[in-house]
Amino acid sequence: MTKGSEWWRSAVIYQIYPRSFADGNGDGMGDLKGIRERLPELAKLGIDAVWCSPFFRSPQKDAGYDVSDYRDIDPRFGTLKDFDDLVEEGKKLGIRIIVDLVPNHSSDQHPWFQEALRSEKGSKARERYMFRDGKGRNGELPPNNWPSVFGGAAWTRITEPDGTPGQWYLHIFDSSQPDFNWDNQEVREEFKDILRFWLDRGAGGFRIDVAHGLVKEDGLPDVEEASTTMSGEEGANKPKDRTKPHPFWGQEGVHEIIREWRKVVDEYDDRIMAAEAWVLPLSRMAKWVRQDEYHQSFNFGYLEAQWKADQLKQVVAESLVEFGNVGAPSTWVLSNHDVIRHATRFAYDQVPKQGDGIGPDYPQPDVARGLRRARAATSFMLGLPGGAYIYQGEELGLPEHTTLDGKYRQDPTYFRTKGERVGRDGCRVPIPWEAKAPAFGFSTTGESWLPQPAHYGEYARDLQEGVAGSTLELYKSLLKLRKQYGLGLGSLEWVEEYCSENSLGYTNNGILVIANFNGTPIKLPAGEVMVTSQVGLTTALEHDQVAWIKL
Ligand code: GLC
């Protein structure tokens, strides 16, 4: 790993969802030991860093995004020693380990929140969170109309230590996830200390959870539209250019906090911070990655684009301009643990909105169509300049589990909406490693915290390893060429000849990437065909196919 290389500008970062990646102790829950044992597979894939979703001590009410101790590993996932071993293994393989920090809220089991519950109204302990008196004659109504992202109200009323009905506390997510008060100096100092704790242990940096939510507008005014998406908008299906600031998403005050953190991170060599900031439009999101703020931000505009030429061209062009304006690389992403896997999403023309998921009652996807498009979409994405994110399992072409029975569901969204929104469990099912092994090699015992559908065996890594035309080999080829031709640091030019309603073409460092979305076959130009999203493609590009050609 070279130092001072600004490696993150072109990095491909692989997201591990620790529960579902690899189970090292056979209890059906993935863990750090499992990750370490399988890390060589990721080195073979050709990625630069791993971002692990939270593994801190947590009651797991939101799969670890509810932290009760930010300086320890949850026993389900291992020990601090396992973390150190993972970092060591990563160093050997040239893979950095990025930690997922959750600063917007803690668990309600965090000692600070427990102390707040025991303490009086107006006390120092309550000041660390967002406690308010209710409205109505006896304070029986919530302080404002804010909705929880997971459904229902964003406020819960407590019982005071003397047994009387009391104040309300804010939770933008589940009631087990009380929001911190980021105007509180103690909260600010605590998080700088937590950053140092993980940096000292060798973390490659942080993915910052809900990075756009920390600061709330003074006076906590009502929202105009009770959207439950993370951008406060209705998503790709109903885009809206919001100019008026939202009272809890993307408040300007957040930037001051980011700058304080950046100073801490810059005390160390080569570490990064990446923001989970669902902020639109991209011109606003770019502000998060100014030189003294985050290194990177996820590009949710890209993630929300459909598999359509006009939408992709627009978001790519806009991203390169807006991020470029502040001297930051753009990033690209198609899947993560909060959205429907893109191998399934692209099978549809209209998908449920972010966070809603697909259940057995929803029209089921055309799996082959989804996979063909997913392979094309990834081939299109990995040729773009900037950084890219890959979500575990997508390199296998893994689809969403779309028929998961309600009795297995764990996402708080499912419970808070009484099953109306099935939530995100479908993209979080443990991934298959070996077709013939128990739990497809996820665990040695066959245990699996969410049941894997039988057809996941068809996507097992061992069936794809070394098999020409497999999705795994496609990813390996794309990542290898991306590195070899320095595409991450390159620059994009559209090739107008190939840009139409149904196709796109761009060049980057001497590689021509052509995508046919829906049109008539496109004759491939002269030049060496380096990789194609579908096997056997040599002369013409058909619908939902992408080719890389060396000019
Ligand atoms: C982020 C995480 C998501 C979690 C939420 C609350 O959006 O990605 O999984 O539920 O924050 O922490």
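Both counts, for ligands and for their atoms, begin at 1 and track the order of listing. These numbers come from the heavy atoms of this one structure, side chains and all, not from hydrogens, waters or symmetry mates.
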Which ligand 1 atoms, with their elements, are less than 4.0 angstrom from a heavy-atom of [X]?
| X | value |
| --- | --- |
| Arg424 | 3 (C), 4 (C), 9 (O), 10 (O) |
| His105 | 6 (C), 12 (O) |
| Glu276 | 1 (C), 7 (O), 8 (O) |
| Arg207 | 2 (C), 8 (O) |
| Val210 | 1 (C), 11 (O) |

For the residue pair [X] and [Y], is the inter-centroid distance of their aromatic rings smaller than 6.0 Å?
| X | Y | result |
| --- | --- | --- |
| Phe191 | Tyr70 | yes |
| Trp433 | Phe21 | yes |
| Trp198 | Phe83 | yes |

Where is the nearest protein heavy atom to [atom]: which residue, which atom, and how far?
| atom | value |
| --- | --- |
| atom 9 (O) of ligand 1 | Asp338 OD1, 2.7 Å |
| atom 4 (C) of ligand 1 | Asp62 OD2, 3.4 Å |
| atom 11 (O) of ligand 1 | Asp209 OD1, 2.9 Å |
| atom 5 (C) of ligand 1 | Phe173 CE2, 3.7 Å |

Answer with yes or no whether Arg428 contacts ligand 1, where contact means a heavy atom under 4.0 Å from a ligand atom.
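Under 4.0 Å: yes for Arg428.
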Is a donor from one side chain sitting under 3.5 angstrom from an acceptor on the other, for [X] and [Y]?
| X | Y | answer |
| --- | --- | --- |
| Arg126 | Gln167 | yes |
| Thr378 | Tyr475 | yes |
| Tyr65 | Asp174 | no |

In Å and rounded to the nearest 0.5 Å, what is the CZ to CD distance from Arg345 to Gln306?
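Reported value, rounded in 0.5 Å steps: 9.5 Å.
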Answer side chain, backbone, both or neither: which part of Lys61 comes under 4.0 Å from ligand 1, heavy atoms only.
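It is neither part, as no heavy atom is under 4.0 Å.
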Heavy-atom donor-acceptor pair, Tyr456 side chain to Ala439 backbone, under 3.5 Å
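Not a single qualifying donor-acceptor pair exists.
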Look only at interatomic distance and state if Trp278 has a nitrogen or oxygen under 3.5 Å from any nitrogen or oxygen of ligand 1.
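No, no N or O pair falls under 3.5 Å.
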